[in-house]
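Only heavy atoms go into these numbers, but all of them, side chains included; no hydrogens, no water, no symmetry mates. Note that ligands are numbered from 1 as they come in the structure, with each ligand's atoms numbered from 1 the same way. Just so you know, residue 1 is the first one in the sequence shown, and it goes up from there.
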Amino acid sequence: MAEQEPKELLEMSTDTERLLEENDLRPLWEVEKDFGNQFGGFEADIWKWEDIQASIDAIEQDVPIADLPPGFQRRVAVPVNTGYRNAISNTIYVGVQTVSPGETAPAHRHGANALRFTIDGSEDMKTVVAGEEFPMRDNDLITTPQWEWHDHVNDGDETAAWLDVLDLPLVLDSLNARNTFENHELDRQPVTKSQGYWESQYGRARPFEDTKEDGIPGPFEGNCAATPPYRFSWKDTLQTLRQRADNDDPDPHDGYSLSYVNPATGQPPLFPTMSFRAQLLQEETDPHFHNAVDAYFVIEGEGATHVGDDVLEWSERDIFVIPPDEIHHHDPDGEAILLGMTDRPVFEAFNFYAEAEP
Ligand SMILES: [Fe+2]
Ligand SMILES: [Fe+2]
């Protein structure tokens with residue numbers, strides 16, 4: 001049998017085309033062309049700290065938090081990717097938030113998972129989560145559980161700045177999840193726990209009544225599946241990184257690498273939707289590629305990350321992103337430490353994760 005020309009297959013009479021259009025129907029061979037192309041312009045990109053700093057300083061001058069419209073009072077500059085105008089990627093949102101001395105970012109809660117990674121912090125800059133005031137010291141990582149109240153209070157005399165990392169694009173755009181946000185009736189939630197409470201509940205010795213059944217989820221009752229409130233102190237994280245670098249071999253693609261684990265389970269990912277690592281790089285890594293997105297914040301040092309034909313030259317506090325399936329490797333100039341952020345848990349949950357070397 002002679003093969004039919006594909007073109008003939010696709011030809012429909014004008015009447016048929018009109019009939020489908022009138023009834024909100026499209027043939028698969030048309031629909032198929034649009035699948036996977038809604039987010040077409042995702043490119044490797046970098047946001048230099050000097051530009052971010054100038055921008056957050058300028059909006060801090062112009063916009064007191066109290067003047068922001070009621071609802072979502074957060075003063076944040078958001079790196080946006082060319083292919084996705086709301087965020088750095090189609091799954092992960094990164095923002096740079098500031099709170100001036102004396103200001104409060106009022107209490108609210110939401111269904112999206114969130115964390116803070118402190119850039120300019122102090123003992124007197126506190127994020128209040130689930131009743132506890134967590135001091136935000138430089139490079140501390142503090143979780144905000146799903147649907148748990150949180151407000152940010154600056155009782156110090158310097159402006160504080162930090163990274164907010166949330167799964168907002170996934171939750172709000174892909175899942176189109178509605179009604180997942182609420183403001184507290186008070187700007188500042190009542191402080192009901194002493195400092196260190198949440199950390200103490202997830203150590204090697206845990207409250208008996210929380211462990212006698214299945215050991216999970218622990219004392220956090222806000223939402224039994226949510227990651228608990230927790231502060232990963234940079235002092236401890238850095239010490240562990242140093243021990244690894246002094247004693248172990250680095251991963252060929254990611255250097256000496258620590259996972260931030262869910263404190264309830266002791267396992268990654270930190271959130272069901274996002275995973276985080278502290279990565280210490282001492283030499284050039286081997287190239288690899290994977291279908292999950294990698295985004296980075298430069299904690300210390302400088303170097304370059306090669307992504308396809310692009311070279312992203314980074315230094316301290318820069319933010320950069322590597323699109324899916326792009327071959328990449330890191331080339332630090334001396335020693336550098338990165339915060340790695342990825343949506344890999346989403347891929348793994350659906351058995352889609354793939355990684356390879358070129
Ligand atoms: Fe929030
Ligand atoms: Fe990677």
Which of the N/O/S atoms in His150 sits closest to the Fe ion (ligand 1)?
->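 Nearest N/O/S atom: NE2.
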Would you check if the Fe ion (ligand 2) lies under 2.8 Å from any N, O or S atom of His290?
->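 Given the 2.8 Å cut-off, His290 counts as a ligand of the Fe ion (ligand 2).
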Provide the atom name of the closest N, O or S atom of His328 relative to the Fe ion (ligand 2).
->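 Looking only at N, O and S atoms of His328, the one nearest the Fe ion (ligand 2) is named NE2.
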Determine which of the N, O or S atoms in Asp294 is closest to the Fe ion (ligand 2) and give its atom name.
->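 Of the nitrogen, oxygen and sulfur atoms in Asp294, the Fe ion (ligand 2) lies nearest to OD2.
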Taking all atoms of both residues into account, what is the closest heavy-atom pair of His253 and His330, and its distance?
->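 Minimum heavy-atom contact is O-CD2, 3.8 Å.
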Aromatic contact, His108 with His150 (centres under 6.0 Å) |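 Yes, ring centres under 6.0 Å apart.
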Ring centroid separation His328 to His306 under 6.0 Å |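 No, they do not, as the ring centres are separated by 6.0 Å or more.
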So Phe181 and His110, would you call those rings parallel, tilted or perpendicular, with 30° and 60° as cut-offs?
->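 Because their plane-to-plane angle is under 30°, the rings of Phe181 and His110 count as parallel.
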